[in-house]
S.K.: 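After the structure tokens below, expect a handful of questions from me.
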Amino acid sequence: MSYTHGDVPGQHLVAAYAPAVEAVLAQVRVDSKTNEHKAALGLLGILPLQGKVVVGDAMFCQRDLAEQVIDRGGDYLLVVKGNQSGLEVDIEGGFAFETAARGLAAATSP
């Protein structure tokens, strides 16, 4: 995001950054009548996601963003915060299940 300078308003941007090459691959402007979520959907639509991992903070932890990444052949890692208590509980339950299944498999393997 840029800042306002005099009478010229700053631009709010969402960017796709590739850390391996330390470069911004693409960026889109966030329309003043919407939010970063809608801009991110548009940005994902122009990026090649096949075999890529999309990382986003809690603001991007939205079902439609995750679905778009998966539908286009990518994977995602999104932050979940305490204000998404149902999702947080589901994730904790999934990890607990995996831990218990591994423990059972270790205890019963020949």
S.K.: For residues 83-102, pull every pair meeting side-chain hydrogen bond (donor to acceptor under 3.5 Å, both in side chains), keeping only residues two or more places apart or in separate chains.
M.R.: none
S.K.: Grouping I, L, V, M, F, W and Y whenever their side-chain heavy atoms are under 4.5 Å apart, do L44 and L77 come out in a common cluster?
M.R.: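 Per the 4.5 Å side-chain linkage, L44 and L77 are not co-clustered.
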S.K.: For the residue pair C61 and V79, what are the closest heavy atoms and their distance?
M.R.: CB-O, 3.4 Å
S.K.: Atom CG of L78 and atom CG of D57: how far apart are they, to the nearest 0.5 Å?
M.R.: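 Reported value, rounded in 0.5 Å steps: 9.0 Å.
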S.K.: Would you compute the distance between atom CG of L65 and atom NZ of K38 and round it to the nearest 0.5 angstrom?
M.R.: 9.0 Å
S.K.: Specify the closest pair of heavy atoms between Q68 and L41, including all atoms of both residues, with the distance to one decimal.
M.R.: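 Where Q68 meets L41 most closely, the heavy atoms are OE1-CD2, 3.2 Å.
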S.K.: Hydrophobic side-chain clustering at under 4.5 Å (ILVMFWY, transitive links): who's grouped with F97? Put none if nobody.
M.R.: none
S.K.: Tell me every residue that passes side chain to side chain contact (heavy atoms under 4.5 Å, CB included) with I70, counting only those two or more places apart in sequence or in another chain.
M.R.: D75, Y76
S.K.: If the condition is side chain to side chain donor-acceptor pair (under 3.5 Å), which residues does D64 pass it with, not counting sequence neighbours?
M.R.: H37
S.K.: CD/Q62 to CD/E67 distance, rounded to the nearest 0.5 angstrom?
M.R.: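 The distance works out to 11.0 Å.
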S.K.: Looking only at heavy atoms, which two atoms of A39 and V14 are closest? And how far apart?
M.R.: CB-CG2, 4.0 Å
S.K.: Indicate the atoms forming the closest heavy-atom contact of A16 with L43, along with that distance.
M.R.: N-CD2, 3.6 Å
S.K.: Would you mind listing the cluster partners of L87? Hydrophobic ones only (ILVMFWY), side-chain contacts under 4.5 Å, chaining allowed.
M.R.: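 Its cluster mates, by chain and number, are V80, I91, F95.
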S.K.: Restricting to non-hydrogen atoms, name the atom on L13 and the atom on R29 that form the minimum distance, rounded to 0.1 Å.
M.R.: CD2-CA, 3.7 Å
S.K.: Clusters formed by hydrophobic residues whose side-chain heavy atoms approach within less than 4.5 Å: which one holds Y17, and what are its other members?
M.R.: V24
S.K.: Provide the closest heavy-atom pair for L47 versus A26 in the form atom of the first, atom of the second, distance.
M.R.: CD2-CB, 4.0 Å
